[in-house]
Amino acid sequence: MTLSRTAYSLIALPFTLQPTYADESKDELTKAHSSRLGPLIVQSQAPLQITGLTPLLHDPTILKNGETDVFASAAIASVWANTPEYQFDYYHNQFMVGFLHAPSDTNKIGVWYQYRYAANNRLDGLTEKFHSMFGIDQNGRTEVDEDRFFIDFPNDNSAPREDFVGDPLLSAINLYGEHTVYRSAHHAVSVGATLFFNRVSHGTFANTSFEQALQINYGYQRNKHHVTASLAIVYRPDKPQHFVSVKSTSMSGGISYQYQWRKNHEFIGEYLLSQAKTDTESLGELNAPVHEFALGYRYLFDASALELVALENMFNHDNSTDIVFTATFRHRLML
């Protein structure tokens with residue numbers, strides 16, 4: 001209960017702070033902080049991350065008083081992790097819809113709902129061809145049937161979880177608040193807090209959890225270049241997720257670089273880093289940090305945008321999702 005009270009206090013605290021402004025004029029600020037959309041709508045997709053709160057990157061330089069970003073996204077992912085301690089081989093999909101609104105130039109509030117579920121999106125064949133094309137080791141993929149739904153922890157003496165197609169992994173509502181504490185023509189810093197409630201009432205991944213996150217965000221913008229960075233600490237119940245005991249706190253963060261190629265085209269690269277959610281010694285690579293890289297393309301309409309993203313694991317390939325494809329539609333409006 002202490003964590004919950006702390007989270008409620010922290011989500012309210014930023015709104016009592018007054019931002020510090022550098023000596024730029026209001027016109028300079030308005031010009032520099034034009035209607036950019038900030039980082040991609042993507043999250044860590046690692047097996048232990050997808051059943052709990054995974055904070056988004058947030059850019060304190062976007063959204064002026066009265067502006068609202070509305071978004072809807074769909075993602076398909078393939079999970080493959082093959083070690084002596086565990087084996088993950090399944091697909092999951094996600095739908096997410098929500099908004100971020102600025103009631104003032106310094107405050108933002110947001111709400112989004114996400115639903116992840118196990119479904120056969122048939123990415124195994126594509127993944128195997130990609131690995132063959134670039135000479136990447138298949139790591140045992142070709143030795144088992146394609147399109148399996150299989151999770152096994154041999155050391156815990158329990159039966160493997162199989163054939164859980166259609167089971168929900170996550171059904172969660174996120175409430176977000178953010179306050180800008182510093183802003184100049186090209187730089188901004190904000191603090192934000194997220195309240196997260198997940199309830200999966202049935203199936204293999206049945207679970208209920210209330211989690212919180214506190215994060216600091218940095219944004220930089222100059223001409224065609226835009227950088228966002230966030231660092232977050234997540235608090236969660238000390239109870240199993242994805243059949244594994246998890247730590248009550250962990251850190252995550254990321255950095256996003258956006259380049260405006262032409263008026264309607266942007267290219268975005270993002271690096272996401274998540275601290276391991278478990279410290280159980282028998283789980284091998286699941287105790288290691290999760291490294292993920294996202295490469296995205298954004299096409300800008302007058303007040304809308306379409307984002308196409310591919311997210312790939314890096315470094316520790318047996319503790320994160322093989323490949324993820326995401327499509328997101330975003331629209332900005334005045335309220």
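Positions are given from 1, in the same order as the sequence printed here.
- The heavy-atom pair separating S250 from A276 by the smallest distance is CB-O, 4.1 Å.
- In terms of heavy-atom proximity, G38 sits nearest to D59 at CA-OD2, 4.1 Å.
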- Could you go through the side chain to side chain contact (heavy atoms under 4.5 Å, CB included) check for I76 and H92 one step at a time? CA-CA 6 Å; I76 59 174; H92 71 258; over 6 Å; no

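- With contacts defined as side-chain heavy-atom distances shorter than 4.5 Å, the pair T106/H179 qualifies.
- A distance-only check finds a donor-acceptor pair linking the side chain of N121 to the backbone of A77 [under 3.5 Å].
- Formation of a donor-acceptor pair under 3.5 Å by the N313 side chain with backbone atoms of T321 is found in this model.
- Distance check, rounded to the nearest 0.5 Å: OG1 of T328 to CG of L37 gives 11.0 Å.
- Put simply, CG on N174 and CG on L56 are 7.5 Å apart, with the number rounded to the nearest 0.5 Å.
- The main-chain N or O of S190 is never found under 3.5 Å from a side-chain atom of E178 such that the two would form a donor-acceptor pair.
- If you look at Y218 and Y220, their ring centroids are not closer than 6.0 Å.
- E266 meets the side chain to side chain donor-acceptor pair (under 3.5 Å) test with R36, R298; sequence neighbours excluded.
- For F149, the ring pair (Phe, Tyr, Trp, His ring centres under 6.0 Å) partners are Y91, F164, not counting sequence neighbours.
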- Task: Please lay out, stage by stage, how I41 and R330 fare under the test side chain to side chain contact (heavy atoms under 4.5 Å, CB included).
- Result: CA-CA 9 Å; I41 304 292; R330 301 172 69 167; 3.9 Å; yes

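- A donor-acceptor pair is defined here as one N or O able to donate and one able to accept, closer than 3.5 Å; such a pair exists between the side chain of R236 and the backbone of K247.
- Within the model, atoms CG of N223 and CD of Q260 stand 10.0 Å from one another, a figure rounded to the nearest 0.5 Å.
- Between the side chain of N319 and the main chain of A288, a donor-acceptor pair closer than 3.5 Å is present.
- Minimum heavy-atom separation, V79 to P47: CG1-CG, 3.8 Å.
- Under the 4.5 Å side-chain heavy-atom criterion for Ile, Leu, Val, Met, Phe, Trp and Tyr, L231 and L273 are members of the same hydrophobic cluster.
- Other residues sharing a hydrophobic cluster with L53 under the 4.5 Å side-chain heavy-atom criterion for ILVMFWY residues are L170, F196, V234.
- The closest side-chain heavy-atom distance from Y90 to R161 is not below 4.5 Å.
- Both I50 and I151 belong to a single network of hydrophobic side chains, linked directly or stepwise wherever heavy atoms of I, L, V, M, F, W or Y lie under 4.5 Å apart.
- Across every non-hydrogen atom of P55 and A232, the tightest pair is CG-CB, 3.9 Å.
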- Query: Hey, mind stepping through N65 and S104 against side-chain hydrogen bond (donor to acceptor under 3.5 Å, both in side chains) and telling me if it holds?
  - Reply: CA-CA 4 Å; N65 183 19; S104 70; 5.8 Å; no

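- Taking the side chain as every heavy atom from C-beta outward, I62 and D69 approach each other to under 4.5 Å.
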- Message: Between E285 and N287, does the side-chain hydrogen bond (donor to acceptor under 3.5 Å, both in side chains) criterion hold? Intermediate values first, please.
- Response: CA-CA 5 Å; E285 287 295 306; N287 293 308; over 6 Å; no

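- Distance check, rounded to the nearest 0.5 Å: CZ of R262 to CG of L300 gives 14.0 Å.
- With sequence neighbours excluded, no residue satisfies ring pair (Phe, Tyr, Trp, His ring centres under 6.0 Å) with F197.
- Formation of a donor-acceptor pair under 3.5 Å by the R332 side chain with backbone atoms of D302 is not found in this model.
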- Could you go through the side chain to side chain contact (heavy atoms under 4.5 Å, CB included) check for Q114 and Q43 one step at a time? CA-CA 11 Å; Q114 56 191 132; Q43 301 166 289; 3.2 Å; yes

- Item | Trace of the ring-ring contact (aromatic ring centres under 6.0 Å, His included) decision for F210 with Y235 | CA-CA 9 Å; F210 176 54; Y235 302 88; over 10 Å; no

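- Annotation: side chain of I255 is not in contact with side chain of Y257 (no heavy-atom distance under 4.5 Å).
- A donor-acceptor contact shorter than 3.5 Å links the side chain of S230 to the backbone of H58.
- The closest donor-acceptor contact from the side chain of T83 to the backbone of E85 lies under 3.5 Å.
- Note that OH of Y176 is 7.0 Å distant from CH2 of W112, once rounded to the nearest 0.5 Å.
- A salt bridge does not link K64 to D105: none of the charged side-chain nitrogens sits closer than 4.0 Å to a carboxylate oxygen.
- Nearest heavy atom pair, residue P84 against residue P154, reads O-CG, 3.9 Å.
- Y113 is connected to L175 through a chain of hydrophobic side-chain contacts under 4.5 Å among Ile, Leu, Val, Met, Phe, Trp and Tyr, so both are in one cluster.
- Counting only heavy atoms from C-beta outward, the side chains of F95 and V97 never approach each other to under 4.5 Å.
- Residues satisfying the ring pair (Phe, Tyr, Trp, His ring centres under 6.0 Å) test with H265, not counting sequence neighbours, are W261, Y297, Y299.
- With 3.5 Å as the limit, one finds no donor-acceptor pair spanning the side chains of N198 and E211.
- Considering only heavy atoms from C-beta on, P168 stays 4.5 Å or farther from F205 through its side chain.
- Between the S171 side chain and the V200 main chain, no donor and acceptor come within less than 3.5 Å of each other.
- The shortest distance between side-chain heavy atoms of L272 and L311 falls below 4.5 Å.
- Residues L295 and V42 do not share a hydrophobic cluster, clusters being chains of Ile/Leu/Val/Met/Phe/Trp/Tyr side chains in contact below 4.5 Å.
- By the 4.5 Å heavy-atom criterion applied to side chains, Q221 and H226 are counted as neighbours.
- Ring to ring, Y259 and H225 are close: their centroids are under 6.0 angstrom apart.
- More than 12 non-hydrogen atoms from other residues, nucleotides or ligands lie less than 6.0 angstrom from CZ of F267.
- Note that the CG atom of L306 and the CZ atom of F329 stand 8.0 Å from one another [nearest 0.5 Å].
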- Please step through side chain to side chain contact (heavy atoms under 4.5 Å, CB included) for the pair E270 and L57, ending with a clear verdict. CA-CA 10 Å; E270 296 189 1; L57 301 183; 3.7 Å; yes

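- Hydrophobic clustering (ILVMFWY, side-chain heavy atoms < 4.5 Å, transitive): M314 and V324 are in distinct clusters.
- Using a cutoff of 4.0 Å between basic side-chain nitrogens and carboxylate oxygens, R122 and D147 are scored as salt-bridged.
- Here the shortest heavy-atom pairing between S256 and Q258 reads OG-NE2, 3.3 Å.
- Without hydrogens or angle criteria, K277 side chain to L48 main chain gives a donor-acceptor distance under 3.5 Å.
- Side chains of H331 and T68: no donor on one and acceptor on the other come within 3.5 Å.
- Applying the side-chain contact (heavy atoms from CB on, under 4.5 Å) criterion to S44, with sequence neighbours excluded, gives A46, Q49, T54, S274, V290, E292.
- Under the 3.5 Å distance criterion, with hydrogens and angles disregarded, no donor-acceptor pair is assigned to the side chains of Q87 and D152.
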